[in-house]
Amino acid sequence: MDHKIIAHGNNHYEVELGHGNLHVYANPEIFQSFESRVYEMADNNLRIPRNVYMGYTPDAHVGVGTCIGTTAVWNMKDGIVSPSIVGVDIGCGMRVHTTSLHRSDIQDKAVRRALITAIEKYVPTNERTNSHYADIDIMNVVQYGLKGLPASYVPNERWLTHVEESDFQYDHAFLEHLPPKIRKNAQGQLGSLGSGNHFIEIQYLELNEEHQELAAKWGLFDGQVVVMIHSGSRAWGAMVGREYNKVLKESMRLWGVSNPDPNLIYAPIVSQEGQTYLNLMYSSLNFAVSNRHMIAFGVQEAFREVFGSGMETPVLYDLMHNYALKEFHRGQPMLVHRKGATRALPPKHFLNTPAYKETGHPALIPGSMGTSSYIMVGREEGLKNFYSICHGAGRTRSRRATKEMVTVDQFEQSLKVGSEDEVMVNHRSLETILDECPQAYKDVDQIIDSVVGASLADVVAKCKPMAVIKGI
DNA sequence: ATGTAC
């Protein structure tokens, strides 16, 4: 397919497709690597009426119905909501906790092994292992988010304030639409990691010299040990997504609405079906943020076991990259879908959570296993992409293709196994998580270069991996 | 992604 491309400069391209224009933020190298399939998908998404804006971040790649890396906006009054443009793992996101430790404190491999073992004791990493928080009623959690947790699981006020949202408000009456077994499936999963690309990583920081002052304000220092968590809404969000893909698909058939891609599902925001999905999506966001909170609670317990009961692991921030949020833009309420896209608000922006109003909030971007992650901050210019930046490196090949192509030996080499700087992993064998090797992902440094070059955000700190806990 | 699957 040939498309007219407008190059705006500064890693910003506008691609004219059959049904509207797609904005792409990528450096020339990444831009050239996009396959035509991602443009076909964007064009199918642009067929949905009254789209206000659609953009790709540089980590964009093919997903179900809609590419991962999409920001898509409609007006609340005449727009649509789409489970396909939210993504299957509703509320999937990132969280970072800081420590007072320096990397030299955990350079000893025995210490890092002890931390991995302790974390696995407090955070279930096997699919069917329940968390031991039987005293938490998940119905309180899905209704009131972090405010639904018993006080004994909230170490201090900061854990409620340094998050993108602690309590997503919605009409709880919609919970009656859910199948009863969702409760049984999700109960016991709170505080568990999940599998796939989810992880807990122990990292050390390399501060960007140009943002030392901001880093200090955020409590960050060079060489600091931090913990990065990537997880989502587990069975709760998966069941909401699956159920409403079915329901909305049937509604589209009844309404006579169709799209060339049968996997692209959507409904008017004002319709009963759209309202039901939207409200139940918020229940999943409450589960997701609470899940990461409880994982972090377990991680703090583990650090206390290794370093003493006085150990504190303050939360830096928690934010999501799979959701649709009502936001005010251009003076109007709009529904901003971010599927594999991270909000990065600039300093002073009114949408910032109060704790980060002055500085802008930390935007947490994971790399692939064994490569760097990043802590960034949004810029004013990010407005052009509705303040969305990348959500990570972005896959470059499928799980199956990766397993056929990469060997366990190559994976071990990329983790520097055997050396002092080895990225230690909880799994005895890397065979089971081979599809998560760095060779399956784009080069995260190129992705970050694209975002910085497009003036969407700046790097505050680079996070280098020292130990990783993966689920199965 | 998912206590996977019309």
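Naming convention: chains lettered A, B, ... in sequence-line order (proteins, then strands); numbering from 1 in each chain.
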Requested in this report: Please examine the side chains of A:H23 and A:M54, heavy atoms only from C-beta on, and report whether any two atoms are closer than 4.5 Å.
Outcome: no
Query raised in the report: Base, sugar-phosphate alone, or nothing: which one does A:G194 contact when heavy atoms must sit under 4.0 Å apart?
Result: sugar-phosphate
**Report entry** Interatomic distance, A:I265 CD1 vs B:dC6 P [rounded to whole Å]
**Finding:** 15 Å
Query - A:R95/A:E164 ion pair, N-O < 4.0 Å - result: no
Requested in this report: Give every residue pair that meets the side chain to side chain donor-acceptor pair (under 3.5 Å) criterion with at least one member in residues 177-193 of chain A, sequence neighbours excluded.
Outcome: A:S192-A:R234
Report task. Would you mind listing every side chain to side chain donor-acceptor pair (under 3.5 Å) that reaches into residues 137-149 of chain A, with sequence neighbours excluded? Result -> A:Q143-A:H172
Report summary line: Taken to the nearest whole Å, CD/A:Q189 to P/B:dT2 is 8 Å
Query raised in the report: Expressed in angstrom and rounded to an integer, what is the separation of A:I90 atom CD1 from B:dT2 atom P?
Result: 13 Å
Report task. Take the protein atom CG of A:N126 and the nucleotide atom C1' of B:dG3, then report the distance between them rounded to whole Å. Result -> 13 Å
Report task. Can you tell me the distance, in whole Å, between the CG atom of A:N185 and the P atom of B:dT2? Result -> 13 Å
Query raised in the report: CD1 of A:I182 versus C1' of B:dT4: gap in Å, rounded?
Result: 15 Å
Query raised in the report: For A:R234 and B:dG3, is the shortest distance between a side-chain N/O and OP1 or OP2 below 4.0 Å?
Result: yes
**Report entry** Spacing between A:K181 atom NZ and B:dT4 atom C1', to the nearest angstrom
**Finding:** 10 Å
Query - d(CG, A:L193; P, B:dG3) in whole Å - result: 12 Å
Query raised in the report: Reckon A:G232 touches a base, only the sugar-phosphate, or nothing at all at heavy-atom distances under 4.0 Å?
Result: nothing
